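For clarity, every value in this text was computed on a predicted model and none was experimentally measured. Both backbone and side-chain heavy atoms feed into the values below; hydrogens, waters and symmetry mates do not. Residue numbering restarts at 1 for every chain, and letters A, B, ... go by the order of the sequence lines.
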Protein chains: 2
Amino acid sequence: MSDPDISSPPTARDVAKRAGVSVITVSRVMRSAPNVSPAMRDKVRAAALELGYRPNRVAGALRARETGLVAVIVPSMSHSVFPEVIDGIDHGLSGTSLRTVLGITHYDQAREAAILHDLIAWNPAAVIISGLEHHPDVHAMLAGASCPVVEVMDVDGDPIDLCVGTSQQEAGELMAAHLVETGRRRIGYVGAWGERPDRSRKRREAFAAALTRRGLDLAVHIEDAPSSLKTGRAGCAAILAEHPDLDAIHFANDDLALGALFHCRENGIRVPEDIGLAGFNGIELVGMITPRLTTIANPRFEMGICAARMLSRRLNSEYSEGDQDAQVSLPAGDTWHLPLHLSKGDTT
Amino acid sequence: MSDPDISSPPTARDVAKRAGVSVITVSRVMRSAPNVSPAMRDKVRAAALELGYRPNRVAGALRARETGLVAVIVPSMSHSVFPEVIDGIDHGLSGTSLRTVLGITHYDQAREAAILHDLIAWNPAAVIISGLEHHPDVHAMLAGASCPVVEVMDVDGDPIDLCVGTSQQEAGELMAAHLVETGRRRIGYVGAWGERPDRSRKRREAFAAALTRRGLDLAVHIEDAPSSLKTGRAGCAAILAEHPDLDAIHFANDDLALGALFHCRENGIRVPEDIGLAGFNGIELVGMITPRLTTIANPRFEMGICAARMLSRRLNSEYSEGDQDAQVSLPAGDTWHLPLHLSKGDTT
DNA sequence: ATGAAAGCGCTAACAT
DNA sequence: ATGTTAGCGCTTTCAT
């Protein structure tokens, strides 16, 4: 009654021997494939249990030519945006046999290419990648990939395959309209870190264009440092030093805007009386502090969910694992444009 | 000059044919294995490039019995703690050929077991999992895993293999000492969501014990909802309703404490005069707001880095890929106890 | 330094 | 319903 081989885990062959059947029967039972009699199934299951057998997914993936791995490529983990998207993806993927393999590019295009290169070699069931603008190598790999590709976050551009996100154009327009409607005229914009990712630049350009259409200029200041409260503070101080007469500043994201809020508070600048402040993203915090920050709510979690849903639909046959079929409002097209909402706070 | 087969990607065999060599030579070149002449190498590389050949990692992993996948299992993505740990892991793993495969348990033990089950079937090079307390099934799988296991976050307990984290005991003691030294006597504690993860319970117990040793009681209130600013607000209101005379409240984390801070501000409760507030984690925000929140800085990013370093050392032979060798201060043991620091703010 | 043979553990395809 | 055969694409082992 001793284990036949303590060094390596049991294989389907071991189970087959033990149960007195063939390996393919073991395979069928473990995969819950059809055409197996209940008696056989129980016998094999018992043997598998006794040996502690686990089918080797690597071998299965090689033979069946399907890994069930979803390559998820995001630029960063250091603010809440991408974790929330990933959380959404994970939620959306639960109930399928798909697994997330993570790549973090740190906003480095060479790294993005290297990561994608590596992940594609795993023959993933799908790739979910952040943004619509990619290095030519990355674009080529995505276009040539033999699996579905979902580009998330942004819908302003030409998707390679599937796409879910919000419109940066819309964001810029929304904020410009709001600020002008509430009487602001001398408007500034603060970004960070060379405007990575690209969609922050798109939003800024759309914002500027919308102001131009209304006969207004935009003072722009871009900090070198990555986005953070501290950077927002510095950016706010810097743009006000250059343009002391601004009556509103729009920030590339809420972190920056919050930093600016602290700067104003500490320097006796009244918000919103002396100056209006607005961010982008709609993180939980902005609605909790006093004054509540005006921002645009970007549905990050939902984007993840939607990306996973689009994939489930595309891959349906192979990976569904239950009642995913009862799917809610899935739009027909390959691009899923989610709405943005202006969240009016007390700072504008 | 047309592609031999447009439907499926080229294999090593295709490259071998094209270069007029054997498949094993292609394999050697692609892996930069020794015993290949420069001429041969160039010839094969050229052929591979022309065909756009990428070695199939699934096949390689099956034969070589090494996937280079690191299973990372965390309870949640919805606050910054685990993304930061993952970020650290990713940083620490860069420069190796190891890749992160992610599992999110949502604090569900059954789900944790299922995820681990599934990930182990991928024959990972290592498992990094959050916490020291696991479901018996999970513990058994980890103990029986044929790869290194790193338990991160917590060092108070019996690690299965490698371990890196901070001491919850120490955290409880640190905060108790601080509050008592600064004159607080009627102390409360607010947790959330059934005290998941377990280490928040450990901290609370250590905190209570440290107060008992000083002759003080602890009023405890646990909210049902997951941690958030909103929950902190509610928890603060609730514990003060029950114990109006408290002069300090320690919260399971900074999110809760921040919520409480907003509650106090809106209800005319002066902080720190009427009541002291303290959190745990040391997120960026707590040092930026006014008043700065007292908390304990928990080195999340560093834990990730350390976990990756311990793995690099253990797996060194197979996966190192450059100058990782020049490694800094790696402690000798299998458990790496990182220090905590009390971050004194204005709220105590 | 190069190659031939064998087979990792599983599953598709084809019997029976 | 069960089994036999072949082979996924690569790398180990052993020759030369």
Side-chain angles (χ1 to χ4, degrees), chain A residues 4-5 7-45 47-48 51-68 97 120-123 146 317-318, chain B residues 4-5 7-45 47-48 51-68 97 118 120-124 146 317-318:
Chain A
D5 186 353
S7 63
S8 64
T11 69
R13 237 181 109 199
D14 299 327
V15 178
K17 264 183 200 143
R18 176 123 183 174
V21 300
S22 70
V23 270
I24 184 63
T25 302
V26 175
S27 171
R28 289 199 181 105
V29 171
M30 297 313 290
R31 285 177 295 134
S32 307
N35 295 330
V36 181
S37 71
M40 192 98 258
R41 213 192 45 213
D42 293 345
K43 194 161 58 169
V44 171
R45 289 232 171 108
L51 294 176
Y53 169 66
R54 290 296 307 160
N56 181 330
R57 298 270 259 132
V58 178
L62 175 60
R63 178 66 244 222
R65 291 148 170 281
E66 59 169 58
T67 58
S97 56
I120 282 182
W122 276 101
N123 187 24
S146 54
S317 40
E318 299 117 78
Chain B
D5 186 353
S7 63
S8 66
T11 70
R13 236 181 111 198
D14 300 326
V15 178
K17 261 182 202 146
R18 177 124 183 175
V21 299
S22 69
V23 270
I24 184 59
T25 301
V26 174
S27 171
R28 287 198 181 104
V29 171
M30 298 313 290
R31 284 177 295 135
S32 306
N35 296 330
V36 181
S37 70
M40 192 99 256
R41 212 193 45 215
D42 294 345
K43 194 162 60 173
V44 171
R45 288 232 170 107
L51 295 176
Y53 169 66
R54 289 299 308 161
N56 181 330
R57 299 269 262 132
V58 179
L62 174 60
R63 180 64 244 224
R65 293 150 167 282
E66 58 169 60
T67 56
S97 56
D118 192 75
I120 282 182
W122 276 101
N123 187 25
S146 54
S317 41
E318 300 118 76

> Are the side chain of A:Arg31 and the backbone of A:Ser27 linked by a donor-acceptor contact shorter than 3.5 Å?
Replying inline: yes
> Counting only heavy atoms not in A:Arg41, do more than 12 fall under 6.0 Å of its CZ?
Replying inline: yes
>> How many whole angstroms separate atom CZ of A:Arg63 from atom C1' of C:dC14?
In response: 12 Å
> Looking for any heavy atom pair under 4.0 Å, which part of the strands does B:Pro34 touch: base, sugar-phosphate only, or nothing?
Replying inline: nothing
> For B:Arg28, which residues count as a side chain to side chain donor-acceptor pair (under 3.5 Å) partner, sequence neighbours excluded?
Replying inline: none
>> Any heavy-atom pair between the side chains of B:Lys43 and B:Val29 that's under 4.5 Å?
In response: no
> When all nucleic acid strands are considered with a 4.0 Å heavy-atom cut-off, which category describes B:Val36: base, sugar-phosphate, or nothing?
Replying inline: sugar-phosphate
> Do A:Thr11 and A:Asn56 come close enough that some side-chain heavy atom pair is under 4.5 Å?
Replying inline: no
>> Rounded to whole Å, please give me the gap between CG in B:Asp42 and P in C:dA1.
In response: 15 Å
> Tell me: CD of A:Glu66 to P of C:dT11, nearest whole Å?
Replying inline: 10 Å
> B:Arg41 CZ to C:dT2 P: how many Å, rounded?
Replying inline: 11 Å
> Base, sugar-phosphate alone, or nothing: which one does B:Ser27 contact when heavy atoms must sit under 4.0 Å apart?
Replying inline: base
> Minimum heavy-atom separation for B:Val15 to B:Val44, with atom names?
Replying inline: CG1-O, 4.0 Å
> Given C:dA12, is OP1 or OP2 found less than 4.0 Å from the side-chain N or O atoms of A:Arg31?
Replying inline: yes
>> Closest-nucleotide mapping onto DNA chain D: is B:Val58 or B:Ile24 further toward the 5' terminus? I mean the 5' end.
In response: B:Val58
> Is B:Asn35 touching bases, backbone alone, or none of the nucleic acid, heavy atoms closer than 4.0 Å?
Replying inline: base
> Atom CG of A:Asn56 to atom P of C:dG7: distance rounded to whole Å?
Replying inline: 18 Å
> Any side-chain heavy atom of A:Met30 sitting closer than 4.5 Å to one from A:Tyr53?
Replying inline: yes
> What are the 5'-most and 3'-most nucleotides of DNA chain D lying under 4.0 Å from any heavy atom of chain A?
Replying inline: D:dA1 to D:dG9
>> Whole angstroms only, please: what is the CZ-C1' distance between A:Arg13 and C:dG9?
In response: 10 Å
> Side chain of B:Arg28, base of C:dG3: donor and acceptor closer than 3.5 Å?
Replying inline: yes
>> In this structure, how many angstroms lie between the C1' atom of C:dT2 and the NZ atom of B:Lys43, rounded?
In response: 11 Å
